[in-house]
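Note that ligands are numbered from 1 as they come in the structure, with each ligand's atoms numbered from 1 the same way.
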Amino acid sequence: MYQDIVEFIRNHYNAKEGEKVMLHAPTFAGNEKKYLNECIDTTFVSSVGQFVDRFERDMEAFTGAKRAVVCVSGTNALHMSMLLTGVKQDDEVLTQALTFIATCNAISYIGAHPVFIDVDLDTMGLSPIALENWLKQNAEIRKDGQCYNVKTGRRIKACVPMHTFGHPVRLEEISNICRQWNIELIEDAAESIGSLYKGKHTGTFGKVGAISFNGNKTITTGGGGMMLFQDEELGAFAKHITTQAKVPHRWEFVHDHIGYNYRMPNINAALGCAQLEQIDRFIESKRATAQAYINYFAGEPDGIKFMKEPEGTRSNYWLNAILLPSKEEQLKFLEYTNDNGVMTRPIWELMNRLVMFKNAQNDGLKNSRWLADRIVNIPSSVIIL
Ligand SMILES: *Cc1c(COP(=O)(O)O)cnc(C)c1O
């Protein structure tokens with residue numbers, strides 16, 4: 001019954017007989033080989049070389065962040081974000097149940113506890129209304145100026161909204177609520193490189209914004225991540241602790257903090273530089289594909305709706321998402337498309353349903369549960385003409 005949709009997608013991606021349309025394949029159409037060869041020719045494949053610095057400066061110019069610091073994955077960008085904003089063991093961190101596991105893993109690495117707040121139906125990301133309601137019912141600011149959960153007695157240190165599939169959350173409202181409750185804002189911008197909220201890049205609103213360059217993201221370094229800062233001093237400290245916290249010296253090995261070997265190798269950064277040069281046309285192509293889907297789904301065929309970018313935002317449309325009318329239809333659609341040469345997948349299992357987080361607090365998660373039963377991602381790769 002979903003034959004027409006399958007045909008539309010296969011035509012859009014010009015798929016040949018027997019060829020499967022992937023969800024998101026990387027595109028290498030620029031200086032990737034040239035820069036990688038440069039690394040090998042100069043032997044600078046690892047911790048020495050010019051591409052790491054260049055990638056950071058290029059990302060600062062692209063996003064408008066004061067400081068960008070690369071690391072080896074989006075997950076450790078999130079881990080370091082927790083550490084750098086002062087999240088401590090036994091603190092609580094407010095986030096979404098509707099997210100990729102890495103968000104919650106990063107909270108757990110610190111020994112902190114995630115609390116799951118509901119999402120908005122249009123952004124699929126953290127709801128400022130749900131956030132405020134939960135805080136009013138569960139939190140208070142104590143004499144030390146910090147926010148505490150009145151039931152558990154734990155400090156609530158940070159809030160981590162995630163820009164689902166590249167669609168920005170309501171950053172202004174969330175940011176105001178965080179300021180009012182003295183909670184640090186960390187953006188999980190892993191999926192939203194190049195997405196704008198009111199004309200400004202996602203990842204530049206919080207104290208830290210974490211980006212991923214995994215192979216399935218909009219641009220890739222093979223594996224890699226980045227933190228964006230507005231606070232240059234904090235950015236410099238991030239660079240220091242992600243590179244073993246070594247005190248600069250020509251030959252001495254002196255370290256002044258517990259450090260991490262989270263430095264991105266030069267070859268990965270070389271790939272990143274070449275990919276970043278093409279990001280504008282990648283996003284143009286992704287937005288053209290989204291527009292083709294918008295046109296196709298305009299009449300809601302089979303009761304299916306396409307998830308458009310929220311008002312006031314410009315999404316990178318990392319992964320296009322559609323809303324099936326029910327869980328039964330979601331399953332049928334997944335089965336039919338995957339059987340017929342079009343790769344699709346459901347949204348992630350909600351975090352509160354995973355064994356590690358089944359006892360975590362949540363606010364009922366009405367919208368999250370509704371979306372989890374209906375959302376499916378459809379092919380979204382860049383097309384280079
Ligand atoms: C991809 C992703 C990450 C993690 O990135 P890695 O580079 O794979 O570690 C974190 N959060 C979200 C929401 C992601 O989609």
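Legend: side-chain hydrogen bond (donor to acceptor under 3.5 Å, both in side chains) pairs involving residues 100-109, not counting sequence neighbours, sorted by first then second residue: T99-T103, T103-D188.
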Using a 3.5 Å cut-off and no angle test, enumerate the donor-acceptor pairs between side-chain atoms of residues 206-215 and protein atoms at least two apart in sequence or in another chain.
from: K207; atom 1: NZ; to: E184; atom 2: OE2; distance (Å): 3.4
from: S212; atom 1: OG; to: N214; atom 2: N; distance (Å): 3.1
from: N214; atom 1: ND2; to: N216; atom 2: OD1; distance (Å): 3.1

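Here R374 does not pair with E329 in a salt bridge; the nearest charged N to carboxylate O distance is not below 4.0 Å. Salt bridge status for E56 with R67: present, with a side-chain N to carboxylate O gap under 4.0 Å.
Q291 and Y296 share no donor-acceptor pair across their side chains, judged by distance under 3.5 Å alone.
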Pairs under 3.5 Å, N/O atoms on ligand 1 and on the protein: can you put them in a table with the distances?
from: ligand 1; atom 1: 5 (O); to: S212; atom 2: OG; distance (Å): 3.2
from: ligand 1; atom 1: 7 (O); to: G74; atom 2: N; distance (Å): 2.7
from: ligand 1; atom 1: 7 (O); to: S212; atom 2: OG; distance (Å): 2.7
from: ligand 1; atom 1: 9 (O); to: G74; atom 2: N; distance (Å): 3.3
from: ligand 1; atom 1: 9 (O); to: T75; atom 2: N; distance (Å): 2.8
from: ligand 1; atom 1: 9 (O); to: T75; atom 2: OG1; distance (Å): 2.5
from: ligand 1; atom 1: 11 (N); to: D188; atom 2: OD1; distance (Å): 3.4
from: ligand 1; atom 1: 11 (N); to: D188; atom 2: OD2; distance (Å): 3.0
from: ligand 1; atom 1: 15 (O); to: E191; atom 2: OE2; distance (Å): 2.5
from: ligand 1; atom 1: 15 (O); to: K217; atom 2: NZ; distance (Å): 3.2

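Applying the salt bridge (charged side-chain N to carboxylate O under 4.0 Å, His left out) criterion to E92, with sequence neighbours excluded, gives R154.
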